Amino acid sequence: MEERIASSFAAQGLMTTLGARLVQATAGEVQIELPFSKHLSQQHGYTHAGAITSVVDSACGYAALTVAPPDHEVVTVEFKVNFMRPALGERFLAIGKVESAGRQLCVCSGRVVAFNGTAQKVIALMQATIINVRTDGPPKKP
C-alpha cells in the first residue's frame, strides 16, 4: 500500500511543482508536507489558498486510495475548505483521514497545520468526497 501511494504521488506533476513531499501513508491516513516558498505566496505574503487546498486535497485523496480496492484509482468528487487563519509558516503539514469508506464513495477529513519554529496552528479544515474508479492498470500518461 505504501509503495502504491508513493508511486502515484511521484507521478503527480502538481505536487512536484509545489515542492510537496509525501511524509506518511498508513491505512486511512496520509500526510503531505509543503515548505513555505515565496513562489507560492499571494499578495500579502501568505501561502496561497490554492497551494494549501491542493496539498490537503491530495492528502485526502491518497488517504482514500489506501482503502480503495487494488483495481481502482480515486478521484475527488467534491470538497469544502475552511480557512481559520492566514497560511503563515515555515512549513505546512496536510493530514488526510478516511472518515467513512463505502463501496464507491469515501468521505475524508483534512486539516493543515502551519509550523513556525516550535509553534503550530491549524490553519485549514477540509471535508472531501472521493470516488473509487475502476482501472485496467496504471493510469495512462498524456
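The model shown is predicted, which means the values in this text are computed figures rather than measured ones. Below, all heavy atoms of this structure are taken into account, side chains as well, without hydrogens, waters or symmetry copies.
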| field | Side chains of F83 and I52 in contact at under 4.5 Å (non-hydrogen atoms) | value | yes

| message | For the CD atom on E29, are there more than 12 heavy atoms of other groups (residues, nucleotides or ligands in this structure) within a distance under 6.0 Å? | response | yes

| Are F36 and L88 close enough, and set up right, to give a side chain to side chain contact (heavy atoms under 4.5 Å, CB included), and what steps lead you there? | CA-CA 8 Å; F36 173 80; L88 289 169; over 6 Å; no

| Closest approach of A124 and V81, non-hydrogen atoms and distance? | CB-CG1, 4.3 Å

| query | Counting only heavy atoms not in R4, do more than 12 sit closer than 6.0 Å to its CZ atom? | reply | yes

| field | Under 3.5 Å side-chain donor-acceptor pair for E99 and S109 | value | yes

| said: Please determine whether residues V23 and I95 belong to a single hydrophobic cluster, defined as Ile, Leu, Val, Met, Phe, Trp and Tyr linked transitively by side-chain heavy-atom distances below 4.5 Å. | reply: yes

| Any C106 side-chain heavy atom under 4.5 Å of V74 side chain | no

| task | Measure across K97 and A63 and return the closest heavy-atom pair with its distance rounded to 0.1 Å. | result | N-CB, 4.1 Å

| request: Would you indicate whether the side-chain heavy atoms of P86 and H44 approach each other to under 4.5 Å? | output: no

| task | Kindly give the heavy-atom pair with the smallest separation between A94 and V55, and that separation in Å. | result | CB-CG1, 3.5 Å

| task | Identify the two heavy atoms, one from G61 and one from I130, that lie closest to each other, and give their separation to 0.1 Å. | result | CA-CD1, 4.1 Å

| note | Nearest heavy-atom approach of G28 to V67 is N-CG1, 4.1 Å

| query | Taking Y62 for the side chain and G96 for the main chain, is one N or O donor matched with an acceptor at less than 3.5 Å? | reply | no

| How about K80 and N82: do any of their side-chain heavy atoms sit closer than 4.5 Å? | yes

| note | Here the gap from E90 atom CD to N116 atom CG, rounded to the nearest 0.5 Å, amounts to 5.0 Å

| query | Cluster question for you: counting only ILVMFWY and a side-chain heavy-atom cut-off of under 4.5 Å, with indirect links fine, are F115 and V122 together? | reply | yes

| query | Are L18 and I5 in one and the same hydrophobic cluster, where Ile, Leu, Val, Met, Phe, Trp and Tyr link if side-chain heavy atoms are under 4.5 Å apart? | reply | yes

| request: Answer yes or no: does atom CD of E3 have more than 12 heavy-atom neighbours from other residues, nucleotides or ligands under 6.0 Å? | output: no

| From CD (E33) to CZ (R21), nearest 0.5 Å | 4.5 Å

